[in-house]
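What follows is a single structure, written as structure tokens, with notes after it.
In what follows, chains are A, B, ... by sequence order, proteins preceding strands, each numbered from 1.
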There are 2 protein chains.
Amino acid sequence: MKLIEARQQFISSWGAFGTHWGINRTMAQIHALLLVSADPLTQDNMMEELNISRGNANMNIRELIDWGLVERIIIPGERKEYFVAEKDIWKVVKQIVKERKKRELEPMLRLLDQLENVEGDKRDKNIKSFVDTVSGIKKLGKQADKTLDTMVKADENWFIGNLVKMFK
Amino acid sequence: MKLIEARQQFISSWGAFGTHWGINRTMAQIHALLLVSADPLTQDNMMEELNISRGNANMNIRELIDWGLVERIIIPGERKEYFVAEKDIWKVVKQIVKERKKRELEPMLRLLDQLENVEGDKRDKNIKSFVDTVSGIKKLGKQADKTLDTMVKADENWFIGNLVKMFK
DNA sequence: TTGAATTTTCAAAAACTTTTGAAATCTTGA
DNA sequence: TCAAGATTTCAAAAGTTTTTGAAAATTCAA
């Protein structure tokens with residue numbers, strides 16, 4: 001398989017993959033393009049390679065910066081802005097985990113804390129069923145939260161080393 | 001907070017949460033409703049409680065069954081079908097991990113295997129950048145695949161026990 | 001077997017998300 | 001300061017997904 005073709009495959013699959021994870025196709029494709037590019041790219045480079053409009057490119061690049069996955073860099077003597085993606089996949093994964101934890105897991109746990117204190121007789125089977133479900137989710141959620149916290153702080157070798165121990 | 005209100009909060013938040021994970025709102029809400037219900041529910045119960053149409057209810061119930069999260073049960077002497085959700089959250093998580101692994105991670109790893117064999121001189125910086133990115137993702141992906149495999153087979157105490165060891 | 005109850009299907013409508021592109025704003029070198 | 005180049009914004013258009021509801025199919029008790 002030729003490089004051009006392989007790149008296209010990668011970019012388009014990464015885009016499709018992203019849509020299963022609540023990330024829009026273009027954002028995932030821009031990310032993929034930056035991941036496989038040897039050099040920094042401009043917005044115009046990306047617009048051309050992915051066939052997307054200026055507004056679309058701009059919006060999604062900014063969102064990637066917001067997620068901490070892409071960095072804007074200034075090349076001295078150049079007027080245009082250039083962009084690069086973090087290439088270390090372990091760092092990318094940690095960054096995504098960190099953001100999703102903050103944006104989704106933590107608010108959910110705060111809600112569950114409140115919901116657990118529902119009024120009424122715990123012997124009522126409807127109340128019991130509600131409280132049991134909420135407590136169960138909370139318990140697993142809190143554990144996941146702690147685990148992810150530690151993971152975000154860890155380096156790759158530590159992580160893989162531990163997994164090997166854990167699963168041998 | 002009263003039970004009715006707490007249930008509504010839970011159902012609506014679970015729905016919003018689901019949309020961040022590529023699951024549609026209604027499917028997540030039906031799941032939430034079944035999770036907090038003490039008794040099996042019919043399709044009509046769910047239509048009424050969630051204010052959704054017959055077709056919508058039917059489609060999403062079937063999708064939940066497809067994911068292995070909900071079971072259809074027949075109550076002797078009753079004409080209607082009843083539904084219950086798996087209440088053990090650890091089992092729910094394992095089931096979701098198992099399905100997503102099969103539907104998303106495994107196909108992605110098969111693609112990466114192919115893309116790694118791109119033709120050309122590995123000293124060309126464009127080829128190097130592509131191959132390095134693909135290899136890096138593949139390496140982490142394979143590790144995740146193994147880990148999730150073990151997790152899917154494990155029971156909760158084993159899992160939490162190990163995490164505690166790992167992170168103490 | 002029949003027919004009322006129930007479930008399933010699916011085309012069209014509604015809702016929601018993404019993309020476009022032109023205008024507005026900002027930036028910087030001369 | 002100016003103006004050309006670059007970036008950002010955002011309303012409208014296009015595209016996608018979800019929902020509806022009525023018709024078709026299926027089920028089952030009598």
Side-chain N or O of [X] less than 4.0 angstrom from OP1 or OP2 on [N]?
{"X": "A:Arg62", "N": "D:dT9", "value": "yes"}
{"X": "A:Thr26", "N": "C:dT18", "value": "no"}
{"X": "B:Asn24", "N": "C:dC16", "value": "no"}
{"X": "B:Arg72", "N": "C:dT8", "value": "yes"}

Could you please name the option among [options] that lies closest to any side-chain atom of [X]?
{"X": "B:Glu81", "options": "C:dT8, D:dT19, D:dC28", "answer": "C:dT8"}
{"X": "A:Asn58", "options": "C:dT19, D:dT7, C:dT28", "answer": "D:dT7"}
{"X": "B:Arg79", "options": "C:dT7, C:dT27, C:dA5", "answer": "C:dA5"}
{"X": "A:Gln43", "options": "D:dT27, D:dT8, D:dT19", "answer": "D:dT8"}
{"X": "B:Lys80", "options": "C:dT7, D:dT7, C:dT20", "answer": "C:dT7"}

Separation of [X] atom [atom1] from [N] atom [atom2], in whole Å?
{"X": "A:Met47", "N": "D:dT7", "atom1": "CE", "atom2": "P", "answer": "10 Å"}
{"X": "B:Ile23", "N": "D:dT18", "atom1": "CD1", "atom2": "C1'", "answer": "15 Å"}
{"X": "A:Ile61", "N": "D:dA6", "atom1": "CD1", "atom2": "P", "answer": "14 Å"}
{"X": "A:Met27", "N": "C:dT19", "atom1": "CE", "atom2": "P", "answer": "12 Å"}
{"X": "B:Asn51", "N": "D:dG21", "atom1": "CG", "atom2": "P", "answer": "11 Å"}
{"X": "A:Arg25", "N": "C:dT20", "atom1": "CZ", "atom2": "P", "answer": "13 Å"}
{"X": "B:Arg54", "N": "D:dA25", "atom1": "CZ", "atom2": "P", "answer": "18 Å"}
{"X": "A:Asn60", "N": "C:dT19", "atom1": "CG", "atom2": "P", "answer": "6 Å"}

Exercise for the section: Specify whether B:Trp14 and B:His31 have parallel, tilted or perpendicular ring planes, treating 30° as the upper limit for parallel and 60° as the lower limit for perpendicular. Expected result: tilted

Problem - Ring-face cation of A:Arg62 near A:Trp67 (centre distance under 6.0 Å, axis angle within 45°) - result: no

Practice task
Taking the six-membered ring of B:Trp21 (Phe, Tyr or Trp), confirm whether the NZ or CZ of A:Arg100 is under 6.0 Å from its centre and within 45° of its axis.
Solution key: yes

Completion exercise
Exactly one candidate in A:Leu115, A:Leu112, A:Thr133 meets side-chain contact (heavy atoms from CB on, under 4.5 Å) with A:Lys138; the answer is A:Leu112

Exercise for the section: On DNA chain D, check which nucleotide each of A:Tyr82 and A:Asn56 is closest to and give me the residue with the more 5' one. Expected result: A:Tyr82

Exercise for the section: Check the surroundings of atom NZ in B:Lys128: do more than 12 heavy atoms from other residues, nucleotides or ligands lie under 6.0 Å from it? Expected result: no

